[in-house]
Amino acid sequence: MEYRFCGRSGLRLPLVSLGMWHNFGDTDSFSTMKKVVFKAFERGVTHFDLANNYGPPPGSAELNFGRILREGLGSHRDEIIVSSKAGHFMWEGPYGDGGSRKYIMASIDQSLRRTGLEYFDIFYSHRYCEETPLEETAQALIDIVRQGKALYVGLSKYPIDKARQVCDMMKEQHVRCLIYQDKYNMLSRRPEPGYFDFMSQEGLGFIAFSPLAQGLLTNRYIGGIPSDSRVAKSGIFLRQEDITPELVSKIIRLDEIAGQRGQSLAQMSLSWLLEKQVLTSVIVGASSVRQLEDNLKAVDNYRFGSDELSAIEDVING
């Protein structure tokens, strides 16, 4: 596994990180989770990405990861990076959501108890909260570092101007924001180019989630919507009406380009992200060891010729 420095810091992350948004809740097989995590670590994936509300139900991904730590991974604590987040709805009442100091401080304490960790390597503000003054959220992140509850802190899904303000507030108190996390893939390119410029200016690392666009950037939907797919089962984050004939046509053409590179569409989609040096790491999910192994092959071939990149752009923008 190759590692990249996280912005202007001494911390390196693997090109591929394992995310636990799905597939690590109580509705999934613990035996499979454990096999996936241990295989990932064996293959050099040293970064595991959590959040307080990951599951389902919320909190169960952290509980299951804590059990995996107790059942062997914990002996490698100094060889891994564990991140978590707070910002989205977690519990009922006025203090279980948002960016307030009350919520963030309660959340990190709960997350540490669920995982059994003494500290997180990275802790994020999971989203910008319009109802909370930025200085309150920034101060909570600063104090989390000073209290030793996290070694580094980051931001996720913030507007650029708000992220810049938080970074400035933190720098004034000699605590740097380490990393920015957002959705980024061939079909969702919001970070370009403004966020890339911001991260370069601030010296932030950048880690991308949803690199396969909820499964769209695989060959899973080329022949229609499978009955066991996330779209068919829930349709919360990806709806059936989103999978238009025009989109399927693009996916088919991208799949053809991937085949010419000797890759699956999923592998090429990950490689396309890794080709961008501004990117520190991509977060992949995995429901099986086989799926994890397939995704990790993207690391073997993330160099593109100019003609390949042009062909991909023509499809995406066509």
Side-chain angles (χ1 to χ4, degrees), residues 16-25 27-28 32-33 36 40 45 48-51 53-58 60-61 83 85 87-89 124 126-127 156-157 180-192 195 206-255 257-258 263-274 276 279 281-288 290-298 312 315-317:
V16 177
S17 300
L18 182 61
M20 300 184 176
W21 179 28
H22 295 296
N23 305 316
F24 286 84
T27 57
D28 301 291
T32 300
M33 297 177 210
V36 169
V45 176
F48 302 93
D49 183 79
L50 292 154
N53 64 332
Y54 286 179
S60 60
S83 61
K85 318 175 193 71
H88 290 291
F89 176 79
Y124 293 85
H126 206 168
R127 69 176 179 94
S156 179
K157 307 191 300 275
Y180 179 80
Q181 182 176 138
D182 211 337
K183 178 192 292 186
Y184 184 44
N185 57 60
M186 285 182 178
L187 303 176
S188 180
R189 301 174 66 171
R190 185 174 77 114
E192 301 176 6
Y195 280 84
F206 174 50
I207 186 165
F209 70 83
S210 194
L212 301 181
Q214 294 292 298
L216 285 177
L217 289 170
T218 68
N219 58 12
R220 187 164 173 74
Y221 295 100
I222 288 177
I225 300 175
S227 59
D228 63 342
S229 67
R230 194 174 295 163
V231 175
K233 288 182 176 179
S234 65
I236 297 175
F237 299 103
L238 183 63
R239 301 167 300 174
Q240 294 194 28
E241 54 265 34
D242 295 328
I243 306 176
T244 63
E246 292 77 15
L247 178 58
V248 172
S249 176
K250 288 185 178 183
I251 293 169
I252 291 172
R253 291 165 65 196
L254 289 172
D255 189 52
I257 297 173
Q263 292 182 308
S264 68
L265 175 54
Q267 289 163 359
M268 186 182 77
S269 299
L270 295 172
S271 296
W272 181 85
L273 292 170
L274 296 175
K276 303 174 189 311
L279 194 89
S281 182
V282 296
I283 300 173
V284 302
S287 59
S288 67
R290 179 178 178 180
Q291 185 181 38
L292 173 71
E293 293 274 23
D294 285 344
N295 287 339
L296 290 178
K297 290 177 182 177
I312 290 170
V315 173
I316 294 172
N317 298 319

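In what follows, every heavy atom counts, from backbone to side chain, and hydrogens, waters and symmetry copies are set aside. Since we're looking at a predicted model, the values are computed, not measured.
Aromatic ring pairs are classed by plane angle as parallel below 30°, tilted from 30° to 60° and perpendicular above 60°; the pair His126 and Tyr54 is perpendicular.
For Arg189, the side chain to side chain donor-acceptor pair (under 3.5 Å) test picks out Glu192, Glu313, with sequence neighbours left out. Ser156 meets the side chain to side chain donor-acceptor pair (under 3.5 Å) test with no other residue; sequence neighbours excluded. Remark: Thr32 engages Ser29 in a side chain to side chain donor-acceptor pair (under 3.5 Å) (not counting sequence neighbours). Residues passing the side chain to side chain donor-acceptor pair (under 3.5 Å) test with Ser210, sequence neighbours excluded: none. Remark: Asp255 engages no residue in a salt bridge (Lys or Arg N to Asp or Glu O under 4.0 Å) (not counting sequence neighbours). For Lys297, the salt bridge (Lys or Arg N to Asp or Glu O under 4.0 Å) criterion is met by Asp294, not counting sequence neighbours.
Between Ser188 and Pro191, the shortest heavy-atom contact is O-CD, 4.5 Å. Between Leu265 and Asn219, the closest heavy-atom pair is CD2-N, 4.4 Å. The two residues Met33 and Asn23 come nearest to each other via the heavy atoms CG-O, 3.6 Å. Residues Leu254 and Met268 come closest through the heavy atom pair O-CE, 3.4 Å. Listed here is the closest heavy atom pair of Tyr124 and Ser83: CE1-CB, 4.0 Å. Pairing each heavy atom of Phe209 with each of Lys183, the nearest pair is CE2-N, 3.2 Å.
Remark: the backbone N or O of Gly25 is paired with a side-chain donor or acceptor of Asp28 at under 3.5 angstrom. Judged by distance alone, the side chain of Gln291 and the main-chain N or O of Ser287 form a donor-acceptor pair under 3.5 Å. Judged by distance alone, with hydrogens and angles left aside, the side-chain atoms of Lys85 form a donor-acceptor pair with the main-chain N or O of Leu50 at under 3.5 Å. The main-chain N or O of Pro56 is found under 3.5 Å from a side-chain atom of Ser60 such that the two form a donor-acceptor pair.
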Stepwise side chain to side chain contact (heavy atoms under 4.5 Å, CB included) test for Leu247 and Leu187
CA-CA 10 Å; Leu247 178 58; Leu187 303 176; 3.9 Å; yes
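Between Lys157 atom NZ and Arg190 atom CZ the span is 9.5 Å, to the nearest 0.5 Å. Put simply, CG on Leu217 and NZ on Lys250 are 11.0 Å apart, with the number rounded to the nearest 0.5 Å. Distance check, rounded to the nearest 0.5 Å: CE of Met186 to CD1 of Ile251 gives 11.0 Å. Atom CG of Asn185 and atom CD of Gln214 lie 9.5 Å apart (nearest 0.5 Å). Distance check: Ile312 CD1 to Ile257 CD1 gives 5.5 Å after rounding to the nearest 0.5 Å.
Put simply, the side chain of Phe206 does not reach to within 4.5 Å of the side chain of Tyr195, judged on heavy atoms.
The side-chain contact (heavy atoms from CB on, under 4.5 Å) test with Pro211 singles out one residue from Val16, Leu279, Leu270, and that residue is Leu270. Results of the side-chain contact (heavy atoms from CB on, under 4.5 Å) test with Leu18 over Asp49, Asn295, Val36, Leu296 single out Val36 as the only residue that passes.
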